[in-house]
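Each remark here refers to the structure printed beneath this line.
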Amino acid sequence: MEQFKLYSVSDEYVEWLREQYPNVYSNKINARTHTRKYLGVVMQIGEYKYYIPLSSPKDSDYQIAGESKVIKKSIVPIIRIVVKNASGEKELKGTLRISHMIPVPETELKLYDLENETDSTYKDLIQNEMIFIRKNREKIIANANLLYKQKAANDLTAGYVKSALDYQKLEKLCKQYLLKKLQEYQ
């Protein structure tokens with residue numbers, strides 16, 4: 001069974017999707033710092049490769065419990081990447097946004113080369129995230145498949161389904177993009 005690897009998606013493809021679906025996560029071409037990357041993991045759902053974007057921690061990933069701020073538990077559309085630091089305390093390193101996964105043609109995926117990452121702090125962060133992702137691979141796949149099925153069936157009994165991207169419409173756009181690319185090459 002293949003291990004998850006990190007990929008980026010071509011800027012052109014992401015911006016093309018965002019023209020019709022502005023809720024697709026932006027790759028922030030014009031707002032990147034040297035460490036900001038548009039990375040995610042890829043899995044197969046049906047005939048499509050689905051890219052699940054990584055996201056930085058947000059205030060909404062925490063809740064107040066008494067006097068302290070604690071990390072919320074993962075839910076179907078959001079896997080929170082939690083690791084223990086050197087002193088044994090839990091730290092939120094990032095999230096996998098299953099609700100914002102997108103179908104991507106293989107030609108638009110680029111494998112991220114962690115070995116050539118020059119920012120050592122960022123490299124450590126990505127390594128910690130990948131250890132968590134690989135340990136939780138089955139849960140990630142199960143959550144992605146569940147959300148995909150719930151969205152396809154328009155099953156709104158779980159509130160999070162409403163805010164998930166429309167995967168079937170995105171799959172049609174993915175096919176259109178491939179046809180457009182084929183026509184450009186002819």
Side-chain angles (χ1 to χ4, degrees), residues 1-15 17-18 23-45 49-104 106-145 147 160 164-165:
M1 190 173 291
E2 188 180 334
Q3 291 230 336
F4 276 137
K5 294 180 178 146
L6 283 179
Y7 291 87
S8 60
V9 178
S10 76
D11 296 337
E12 178 187 350
Y13 181 69
V14 171
E15 291 308 309
L17 289 179
R18 284 179 51 78
N23 287 347
V24 167
Y25 274 6
S26 171
N27 46 2
K28 299 182 181 174
I29 301 168
N30 300 320
R32 287 185 193 151
T33 61
H34 72 286
T35 58
R36 170 67 167 84
K37 302 203 174 37
Y38 188 67
L39 298 176
V41 295
V42 175
M43 63 172 278
Q44 192 80 26
I45 299 180
K49 298 243 183 255
Y50 265 85
Y51 170 87
I52 306 171
L54 279 167
S55 185
S56 300
K58 314 272 184 288
D59 286 341
S60 60
D61 291 314
Y62 298 90
Q63 63 192 26
I64 302 299
E67 298 282 313
S68 55
K69 191 165 113 173
V70 295
I71 302 164
K72 288 182 180 176
K73 293 195 179 319
S74 290
I75 54 177
V76 171
I78 303 169
I79 301 281
R80 292 186 173 86
I81 302 170
V82 179
V83 299
K84 288 190 177 171
N85 64 18
S87 49
E89 297 163 348
K90 289 181 178 180
E91 277 185 20
L92 180 63
K93 295 296 185 181
T95 59
L96 275 173
R97 298 289 171 156
I98 294 171
S99 58
H100 285 72
M101 64 183 178
I102 55 173
V104 180
E106 211 157 336
T107 56
E108 303 306 307
L109 289 169
K110 182 178 180 219
L111 188 61
Y112 173 64
D113 184 4
L114 183 61
E115 294 309 310
N116 286 325
E117 178 58 58
T118 54
D119 182 330
S120 61
T121 305
Y122 188 71
K123 188 174 184 173
D124 288 346
L125 169 68
I126 295 297
Q127 285 173 326
N128 280 321
E129 288 178 329
M130 284 311 298
I131 290 166
F132 176 93
I133 288 167
R134 288 183 175 145
K135 279 184 186 170
N136 292 278
R137 182 181 191 282
E138 297 307 316
K139 180 180 182 179
I140 294 163
I141 291 169
N143 284 15
N145 281 311
L147 184 53
Y160 58 77
L165 296 176

For [X] versus [Y], what's the shortest heavy-atom pair and its separation?
X: Y62; Y: P57; answer: OH-CB, 4.3 Å
X: Y112; Y: I126; answer: CE2-CG2, 4.2 Å
X: I52; Y: A144; answer: CD1-CB, 4.3 Å
X: S55; Y: K58; answer: OG-NZ, 2.7 Å
X: I45; Y: Y50; answer: CB-CD1, 3.8 Å

Check: [Y] and [X] side chains under 4.5 Å, non-hydrogen atoms:
X: K5; Y: R134; result: yes
X: V9; Y: L109; result: yes
X: K84; Y: E89; result: no

From [X] [atom1] over to [Y] [atom2], what is the distance, rounded to the nearest 0.5 angstrom?
X: N143; Y: E138; atom1: CG; atom2: CD; value: 11.5 Å
X: D113; Y: N116; atom1: CG; atom2: CG; value: 4.0 Å
X: E129; Y: D124; atom1: CD; atom2: CG; value: 11.5 Å
X: I81; Y: I133; atom1: CD1; atom2: CD1; value: 4.0 Å
X: N23; Y: H100; atom1: CG; atom2: NE2; value: 5.5 Å
X: N145; Y: I140; atom1: CG; atom2: CD1; value: 12.0 Å

| task | For side-chain contact (heavy atoms from CB on, under 4.5 Å), just list the numbers for S26 and R18, CA-CA rounded to whole Å, side-chain angles, deciding distance to a tenth of an Å, and then say yes or no. | result | CA-CA 8 Å; S26 171; R18 284 179 51 78; 3.6 Å; yes

| request: Test Y13 against V104 for side-chain contact (heavy atoms from CB on, under 4.5 Å), laying out the working first. | output: CA-CA 8 Å; Y13 181 69; V104 180; 3.9 Å; yes

| query | Within 45 degrees of the axis of the six-membered ring of F4 and under 6.0 Å from its centre: does R137 put its NZ or CZ there? | reply | yes

| task | In plain terms, say whether R97 and D61 are close enough for a salt bridge, that is, a side-chain N and a carboxylate O under 4.0 Å apart. | result | yes

| query | What residue among I131, L54, V83 forms side chain to side chain contact (heavy atoms under 4.5 Å, CB included) with K93? | reply | V83

| field | Residues in ring-ring contact (aromatic ring centres under 6.0 Å, His included) contact with Y51, at least two apart in sequence or another chain | value | Y38

| request: Determine, step by step, whether N136 and I79 satisfy the side-chain contact (heavy atoms from CB on, under 4.5 Å) criterion, reporting the C-alpha distance in whole Å, the side-chain angles of both residues, the deciding distance to 0.1 Å, and the verdict. | output: CA-CA 9 Å; N136 292 278; I79 301 281; 5.5 Å; no

Throw together a table of side-chain donor-acceptor distances under 3.5 angstrom for residues 67-78, partners on residues two or more places apart or in other chains.
residue	atom	partner	partner atom	Å
S68	OG	A65	O	3.3
K72	NZ	S60	O	3.0
S74	OG	R80	N	2.7

